[in-house]
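Worth saying up front: this structure is predicted, and the values here are computed from it rather than measured. The analysis underlying the following values was restricted to heavy atoms, covering all of them including side chains, and did not include hydrogens, waters or symmetry mates.
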Amino acid sequence: MEIKKILVPIDGSDASERAFSQACMLAEKAGAKITMFYVVDADVLMFPVYKVNLAATDTGSIKAKGREVLDLYAHDGPEDLEIEKKVEIGVPGSCIIRAAEEEKADLIVMGNSGKGSVSSFVMGSVSHYVVRHSSCPVLIVK
């Protein structure tokens, strides 16, 4: 299997930090490019009681916070590694699948942060969704 593009979803968790480190090692060995991908969860942008959409108020600053997270991670990455950074607002699982298809990723490397529901006991709901729906291999890093 030839790996030229690796998609690394980042959510700011320790697990995603470990996934980024693993992706960097794989990318260096394979000569691959990394796309770091931060998804601002659309559900988080809804006020939980009244379901008021907060996304319309200030999406620019919300996306900027995502870019800050990616910049922090990228700063710790190898200097000679080609790293692209993308931020989107949406449903994390489907956004990751769409990004992998658009980027023509050969591999998705992501953390298992366990932030999902109880129904996803062994694996977080986002990582579980990605594993089930991805057309490319997925490496889950604990």
Side-chain angles (χ1 to χ4, degrees), residues 1-48 51-142:
M1 177 176 130
E2 186 176 27
I3 300 173
K4 291 295 176 196
K5 292 186 179 181
I6 301 173
L7 180 71
V8 186
I10 302 291
D11 65 4
S13 68
D14 290 343
S16 70
E17 187 173 347
R18 290 187 297 274
F20 177 67
S21 294
Q22 185 69 45
C24 287
M25 287 189 290
L26 290 169
E28 284 184 307
K29 288 180 182 177
K33 169 186 160 186
I34 288 182
T35 299
M36 298 173 68
F37 188 59
Y38 187 94
V39 179
V40 179
D41 191 341
D43 288 340
V44 173
L45 298 179
M46 302 290 278
F47 187 76
K51 297 295 184 195
V52 175
N53 185 346
L54 301 177
T57 59
D58 193 9
T59 57
S61 69
I62 292 167
K63 281 186 165 184
K65 288 181 196 268
R67 282 189 287 278
E68 287 175 17
V69 171
L70 295 181
D71 288 341
L72 284 171
Y73 279 70
H75 180 71
D76 292 335
E79 290 181 21
D80 59 335
L81 198 59
E82 185 179 348
I83 299 175
E84 182 179 354
K85 297 174 264 186
K86 292 189 173 193
V87 177
E88 280 189 25
I89 296 175
V91 178
S94 58
C95 283
I96 292 166
I97 293 299
R98 185 175 60 250
E101 291 169 357
E102 289 172 359
E103 291 291 316
K104 295 180 175 53
D106 300 305
L107 177 67
I108 300 171
V109 179
M110 64 187 296
N112 178 23
S113 62
K115 291 182 178 178
S117 67
V118 175
S119 65
S120 300
F121 181 70
V122 176
M123 192 184 311
S125 61
V126 174
S127 53
H128 186 255
Y129 181 91
V130 171
V131 167
R132 290 188 52 149
H133 293 90
S134 177
S135 58
C136 69
V138 179
L139 172 62
I140 304 295
V141 178
K142 290 183 150 204

Measure the spacing between SG of C24 and CD1 of I6 and express it to the nearest 0.5 Å. 8.5 Å
Can you find a heavy atom in the side chain of V8 that is under 4.5 Å from one in the side chain of F37? no
Salt bridge (charged side-chain N to carboxylate O under 4.0 Å, His left out) involving K65 - partner list, sequence neighbours excluded: none
With V69 via side chain to side chain contact (heavy atoms under 4.5 Å, CB included) - residues at least two apart: I10, Y38, Y73
Residues pairing under side-chain hydrogen bond (donor to acceptor under 3.5 Å, both in side chains) where one sits in residues 19-28, two or more places apart or in two chains, turn out to be none
Say you draw a straight line from CG of D71 to NE2 of H75; how long is it, rounded to the nearest 0.5 Å? 10.5 Å
On a heavy-atom basis, the closest approach of S16 and P9 is CB-O, 4.1 Å
So do the side chains of L7 and I96 get within less than 4.5 Å of each other, counting heavy atoms only? yes
Looking only at non-hydrogen atoms, find the nearest pair between V130 and G93 and report the distance. CG2-O, 4.2 Å
Qualifying residues under salt bridge (charged side-chain N to carboxylate O under 4.0 Å, His left out), relative to K86, sequence neighbours excluded: E84, E103
F20 vs I83, test: side chain to side chain contact (heavy atoms under 4.5 Å, CB included). Steps then yes/no. CA-CA 11 Å; F20 177 67; I83 299 175; 3.9 Å; yes
Do T35 and K5 pass the side chain to side chain contact (heavy atoms under 4.5 Å, CB included) test, and can you show the C-alpha distance, the side-chain angles, and the key distance before you say yes or no? CA-CA 7 Å; T35 299; K5 292 186 179 181; 6.0 Å; no
If I take atom CG from residue D106 and atom NZ from residue K33, how far apart are they, to the nearest 0.5 angstrom? 11.0 Å
Side-chain contact test, heavy atoms from C-beta onward, threshold under 4.5 Å: evaluate it for L26 versus L139 and give yes or no. yes
Set of residues satisfying salt bridge (charged side-chain N to carboxylate O under 4.0 Å, His left out) with respect to E2, sequence neighbours excluded: K4
Interatomic spacing from OG in S94 to NE2 in H133 - rounded to 0.5 Å: 9.5 Å
Please list, chain by chain and in numerical order, all residues satisfying side chain to side chain contact (heavy atoms under 4.5 Å, CB included) with A30, sequence neighbours excluded. I3, A32
Would you say that P137 contacts I108 through its side chain, given a criterion of any heavy-atom pair below 4.5 Å between the two side chains? no
With no hydrogens and no angle check, is any side-chain donor or acceptor of R18 less than 3.5 Å from a backbone partner on K142? yes
Within the 4.5 Å heavy-atom criterion, are I89 and V39 side-chain neighbours or not? no
For a side chain to side chain contact (heavy atoms under 4.5 Å, CB included) check, start with the C-alpha distance between E68 and L72, then their side-chain angles and the critical distance, and finish with the verdict. CA-CA 6 Å; E68 287 175 17; L72 284 171; 5.7 Å; no
So, taking the atom named OG in S134 and the one named CD1 in I97, what distance separates them when rounded to the nearest 0.5 Å? 4.5 Å
Side-chain contact test, heavy atoms from C-beta onward, threshold under 4.5 Å: evaluate it for N112 versus S127 and give yes or no. yes
E88 and R98 ion-paired at < 4.0 Å: yes
What verdict does the side chain to side chain contact (heavy atoms under 4.5 Å, CB included) test give for V126 and M110, after you've listed the backbone C-alpha separation in whole Å, the side-chain angles of each residue and the deciding distance to 0.1 Å? CA-CA 10 Å; V126 174; M110 64 187 296; 4.0 Å; yes
